[in-house]
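Letters go in sequence order (proteins before strands), and every chain restarts at 1.
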Number of protein chains: 2
Amino acid sequence: MTRAGRNGRDQLPAVRSRGVPEATIARLPLYHRALVALDDRGATTVSSEELAVAAGVNSAKLRKDLSYLGSYGTRGVGYDVNYLVYQISRELGLTQDWPVVIVGVGNLGHALANYQGFASRGFRIAALVDAAPELTGESVGGLCVHPLADLERIVADAGVCIGVVATPAGAAQEVCDRLVAAGVGSVLNFAAVPLRVPVGVDVRRVDLASELQILAFHQQRKQIEAGREAAV
Amino acid sequence: MTRAGRNGRDQLPAVRSRGVPEATIARLPLYHRALVALDDRGATTVSSEELAVAAGVNSAKLRKDLSYLGSYGTRGVGYDVNYLVYQISRELGLTQDWPVVIVGVGNLGHALANYQGFASRGFRIAALVDAAPELTGESVGGLCVHPLADLERIVADAGVCIGVVATPAGAAQEVCDRLVAAGVGSVLNFAAVPLRVPVGVDVRRVDLASELQILAFHQQRKQIEAGREAAV
DNA sequence: AAGTGTGAATTGATTCACAGCC
DNA sequence: GGCTGTGAATCAATTCACACTT
């Protein structure tokens with residue numbers, strides 16, 4: 001766990017979040033989503049086993065995870081869906097509005113600007129920002145693109161504390177520095193470089209090519225394995 | 001670690017890949033990228049400390065990780081950049097060509113089709129597939145969109161073994177089932193549901209909204225903390 | 001009878017610290 | 001003298017298994 005880097009597995013923490021383990025935190029969004037889906041289907045109660053299946057984890061882990069938040073279940077019965085949704089929402093900060101700024105309106109920035117999954121979870125795109133003058137004023141996903149020079153003003157005016165870096169690798173660190181200087185405390189990094197940030201600022205990296213490479217690694221192993229068996 | 005699910009930290013493994021720990025595998029792409037960048041800048045040798053900084057990890061972890069692959073460094077000197085790039089490439093299966101099929105050509109599918117980072121790392125988009133008839137024949141990122149009915153044929157003809165699911169949540173499981181039935185052994189899942197797959201098939205999930213939620217969790221903690229201090 | 005909550009055991013990952021080699 | 005490679009120590013996450021509650 002580093003303040004700035006990491007992989008499918010070791011990102012963040014800067015403030016050791018009360019007692020909730022990092023691995024548990026990373027699964028809470030999963031549980032939240034599964035619960036919302038169950039609620040939509042009219043379920044009022046779930047057992048740890050049912051919820052675990054819906055979230056794609058095993059039930060022991062789920063119960064352990066939930067136990068870090070409190071004792072929200074009823075023995076012999078299960079969990080009240082609505083109550084648990086509420087508790088997890090509160091824990092995740094979903095009950096508040098999070099204005100987000102997206103820097104870099106290339107392919108990915110475009111997709112993010114149009115992505116519906118953000119709005120439905122309390123994330124509001126406060127502004128899109130791009131360095132390219134020809135994009136300034138363009139409308140993307142219903143939002144107008146602002147010049148990079150406006151970054152600081154936007155962060156201050158909208159009270160942005162989460163920034164998304166979707167720029168080319170070469171621009172990422174500078175953009176990140178400016179975001180942090182302007183007061184942003186959390187950065188989601190799609191660029192292919194690790195971002196250096198001061199202690200207290202959190203960064204998560206999402207690296208699409210890395211994800212494919214990890215799959216390729218396992219795939220290759222499987223094929224070697226299959227070849228070996230065929231040879232025997 | 002489940003065959004199908006995951007957390008900020010626990011995805012995959014199906015074939016316990018020789019001796020290399022999962023956490024190490026997930027960092028290899030990071031090292032690979034940092035090395036390529038160093039090579040571009042003309043470096044011929046790196047110490048574990050330099051490479052660690054470039055990759056955003058600490059040097060002890062880096063050395064331990066590399067030691068799982070073999071003893072590729074020279075004591076007192078460091079690592080030969082080219083040689084190490086080669087060894088990691090080989091380990092990751094980067095020396096071979098990986099045809100990939102992308103199912104779902106919405107916002108995200110578009111961005112993925114245009115994403116340059118794939119091609120440069122041995123991943124070739126063999127085809128784009130979408131269920132919407134009005135997209136069939138359209139050209140996206142220089143590739144023509146095929147109807148969903150062609151999925152099995154495409155996988156077979158192009159020898160696809162990695163599939164990318166970028167469909168709405170409701171369609172994801174069915175698409176995944178068809179991919180797996182057609183012979184795909186690794187799936188990258190951008191949909192907001194866990195995919196159930198048979199043992200031996202690997203799935204990695206990338207969930208953009210979850211990443212923001214994890215950041216929001218930490219951000220909220222920081223703000224509560226800051227409020228508490230201000231009150232004292 | 002059913003199912004949560006949790007200590008204890010286990011497994012896995014990270015960090016330390018230094019012997020060994022260049 | 002500098003830096004890798006790695007056992008040993010530590011720390012974190014997962015799983016087990018069962019006491020306890022409804």
Side-chain angles (χ1 to χ4, degrees), chain A residues 1-13 16-28 30-31 35 43-81 83-84 87, chain B residues 1-13 16-28 30-31 43-53 55-81 83-84 87:
Chain A
M1 234 133 242
T2 61
R3 64 224 101 282
R6 197 302 188 28
N7 109 268
R9 260 71 310 165
D10 89 279
Q11 261 175 105
L12 292 196
R16 217 301 157 271
S17 317
R18 200 164 48 211
V20 190
E22 189 58 26
T24 295
I25 295 164
R27 282 187 295 265
L28 293 181
L30 239 60
Y31 303 153
L35 282 164
T44 58
T45 303
V46 261
S47 67
S48 62
E49 184 56 37
E50 291 167 310
L51 181 52
V53 169
V57 302
N58 75 51
S59 62
K61 201 190 287 190
L62 172 73
R63 285 202 305 280
K64 187 60 119 182
D65 283 343
L66 294 183
S67 79
Y68 290 117
L69 309 187
S71 291
Y72 297 141
T74 309
R75 290 168 199 238
V77 179
Y79 301 89
D80 180 87
V81 174
Y83 184 56
L84 194 52
Q87 289 299 343
Chain B
M1 234 133 245
T2 61
R3 64 223 101 281
R6 145 11 155 45
N7 109 274
R9 257 84 292 180
D10 88 279
Q11 259 173 115
L12 294 192
R16 217 302 156 271
S17 318
R18 199 165 50 211
V20 190
E22 189 57 27
T24 295
I25 296 163
R27 280 186 296 264
L28 293 181
L30 238 60
Y31 303 153
T44 59
T45 305
V46 260
S47 67
S48 62
E49 183 55 36
E50 291 167 312
L51 181 51
V53 168
V57 303
N58 75 51
S59 63
K61 200 190 288 190
L62 171 72
R63 286 201 304 280
K64 186 61 122 182
D65 283 343
L66 294 182
S67 79
Y68 290 116
L69 310 187
S71 291
Y72 297 141
T74 310
R75 291 168 200 238
V77 179
Y79 302 89
D80 179 88
V81 174
Y83 184 55
L84 195 51
Q87 289 300 342

Student: Round to a whole Å and report the spacing from CD of B:Glu50 to P of D:dG2.
Tutor: 14 Å

Student: Report the distance from atom OH of A:Tyr68 to atom C1' of D:dT15, rounded to the nearest whole Å.
Tutor: 12 Å

Student: Return the OG to OH distance between B:Ser47 and B:Tyr79, rounded to the nearest 0.5 Å.
Tutor: 9.0 Å

Student: Dump every N/O contact between nucleotides 7-11 of chain D and the protein below 3.5 Å, one line per pair.
Tutor:
| from | atom 1 | to | atom 2 | distance (Å) |
| --- | --- | --- | --- | --- |
| D:dG7 | N7 | B:Lys64 | NZ | 3.3 |

Student: Using whole Å, what does the distance between atom P of nucleotide C:dT14 and atom CG of B:Asp65 come to?
Tutor: 7 Å

Student: In whole angstrom, give the distance that lies between atom NZ of B:Lys61 and atom C1' of D:dC3.
Tutor: 20 Å

Student: How many angstroms lie between atom OG1 of B:Thr74 and atom OH of B:Tyr83, to the nearest 0.5 angstrom?
Tutor: 9.5 Å

Student: In whole angstroms, how far is the P atom of C:dT14 from the CD atom of B:Glu22?
Tutor: 11 Å

Student: Just how far, in rounded Å, is C1' of C:dT14 from CG of B:Leu62?
Tutor: 13 Å

Student: Measure the shortest side-chain to side-chain distance between A:Leu84 and A:Leu35 over non-hydrogen atoms and say whether it is less than 4.5 angstrom.
Tutor: yes

Student: As an exercise, state the distance from OH of A:Tyr68 to CZ of A:Arg63, rounded to the nearest 0.5 Å.
Tutor: 13.0 Å

Student: Per the side chain to side chain contact (heavy atoms under 4.5 Å, CB included) rule, which among A:Leu62, A:Leu51, A:Asp65 passes with A:Val57?
Tutor: A:Leu62

Student: Can you give me the N/O atom pairs linking the protein to nucleotides 1-5 of chain C at distances under 3.5 Å, or say none if there are none?
Tutor:
| from | atom 1 | to | atom 2 | distance (Å) |
| --- | --- | --- | --- | --- |
| C:dG3 | O4' | A:Gly76 | N | 3.1 |
| C:dT4 | OP1 | A:Ser48 | N | 2.5 |
| C:dT4 | OP2 | A:Ser48 | OG | 2.6 |
| C:dT4 | O2 | A:Arg75 | NH1 | 3.3 |
| C:dG5 | OP1 | A:Tyr72 | N | 3.4 |
| C:dG5 | OP1 | A:Gly73 | N | 2.9 |
| C:dG5 | OP1 | A:Gly73 | O | 3.4 |
| C:dG5 | OP2 | A:Tyr79 | OH | 2.8 |
| C:dG5 | O4' | A:Arg75 | NH2 | 3.1 |
| C:dG5 | N7 | A:Arg63 | NE | 2.9 |
| C:dG5 | O6 | A:Arg63 | NH2 | 3.1 |

Student: Is B:Asn58 near enough to C:dT15 that one of its side-chain N or O atoms lies under 4.0 angstrom from OP1 or OP2?
Tutor: yes

Student: Out of curiosity, B:Asp80 CG to B:Gln87 CD, how far, rounded to the nearest 0.5 Å?
Tutor: 10.5 Å

Student: Determine the minimum heavy-atom distance between A:Ala55 and A:Leu30, stating which atoms define it.
Tutor: O-CD2, 3.5 Å

Student: Measure the spacing between CG of A:Leu66 and CZ of A:Arg27 and express it to the nearest 0.5 Å.
Tutor: 10.0 Å

